[in-house]
Amino acid sequence: MYDIPVIEPEEYHHVEWIGFNSARTTQKRKGKGIHFFLDDYQFMRIWKYPNQYVEMLKRFDFVMSPDFSTYTDFPNVLNIYNHFRKHWVAAYLQAHGVHVIPTISWSTPDSFDWCFDGEPHESTVAVSSVGCADVLDDFIAGYYKMVERLNPSTIIFYGKVPEQCKGNIVHVKAFTDKWKEATTNGW
């Protein structure tokens, strides 16, 4: 209905995930993947200038599709626009040889009418629970709907995995959770 570009399926193998904001400065790129679970301003440039990033992103094993925000209090048209942008960038990167794993996101149950458009079925997908604590019921409902509609083979889960979420989950700790685990040497 909205002419959302299609993201082709990818087979997943284990990698270390780093944020897009660290991609340029990372020296060792094999065995790593890029995620966009960051504030939108940190990756808006890939929407504006995708050609500038293709060659660099090809050197990583995987790149998740940009996670442009879809908020429960955004107008529906803005959420659909962000879904379109995510897919346009992902399809563009795939057309240029980048291995893209789709990031699946939704806002409220009303978004289930369009938020799975263009996503591959029976493939690897990625989701994030970061920032969803206040809307956990909507997040769980969307997770169940994603599993029903897409039947993903692997779910890369960034952030805390709620106990209700089941499937072939690969857990990736959020950057903020890694800092919570940091310890000092007696300070």
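More than 12 heavy atoms of other residues, nucleotides or ligands shown are found within 6.0 angstrom of CD on Q52. Other residues, nucleotides and ligands contribute at most 12 non-hydrogen atoms within 6.0 Å of the CD atom of E11. The 12-atom threshold is not exceeded at CG of D137, counting heavy atoms of other residues, nucleotides or ligands nearer than 6.0 Å. Atom CG of D3 sits in a sparse spot, with 12 or fewer heavy atoms from other residues, nucleotides or ligands closer than 6.0 Å.
Shortest non-hydrogen contact noted between I156 and M64 is CG2-CE, 3.7 Å. The heavy-atom pair separating I34 from G19 by the smallest distance is CD1-O, 4.3 Å. When all heavy atoms are compared, the tightest approach of M146 to V125 is SD-CG2, 4.0 Å. When all heavy atoms of I104 and V127 are compared, the closest pair comes out as O-CG1, 3.8 Å. Contact detail for R24 and R29: the closest heavy-atom pair is O-NH2, 3.1 Å. A pairwise comparison of heavy atoms in P109 and D138 identifies CD-OD1, 3.6 Å as the closest pair.
Linking Ile, Leu, Val, Met, Phe, Trp and Tyr residues whenever their side-chain heavy atoms come within less than 4.5 Å leaves V6 and V98 in two separate clusters. Y41 and V130 are members of different hydrophobic clusters when ILVMFWY side chains are connected at heavy-atom separations under 4.5 Å.
Between D40 and S69, the side chains place a donor N or O and an acceptor N or O closer than 3.5 Å (distance only, hydrogens not considered). Side-chain atoms of N79 and W114 form no donor-acceptor pair, as typed in the model, at a separation below 3.5 Å.
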Given the rule in the side chain to side chain contact (heavy atoms under 4.5 Å, CB included) test, do N151 and H121 qualify, once you have shown the distances and angles that lead to the verdict? CA-CA 6 Å; N151 191 26; H121 295 254; 6.0 Å; no
Let's go through S111 and T70 carefully: what are the C-alpha distance in whole Å and the side-chain angles of both, what is the deciding distance for side chain to side chain contact (heavy atoms under 4.5 Å, CB included) to 0.1 Å, and is it a yes or a no? CA-CA 9 Å; S111 70; T70 54; over 6 Å; no
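Taking the ring centroids of F20 and F43, they lie at or beyond the 6.0 Å cut-off. Taking the six-membered ring where the residue is Trp, the centroids of F62 and Y12 are separated by under 6.0 Å.
With a 6.0 Å cutoff to the six-membered ring centre and a 45° limit on the axis angle, R85 counts as a cation-pi contact of F68.
Between F116 and W106, the two ring planes are tilted [angle within 30° to 60°]. Between H87 and H83, the ring planes are tilted. Angles from 30° to 60° get that label.
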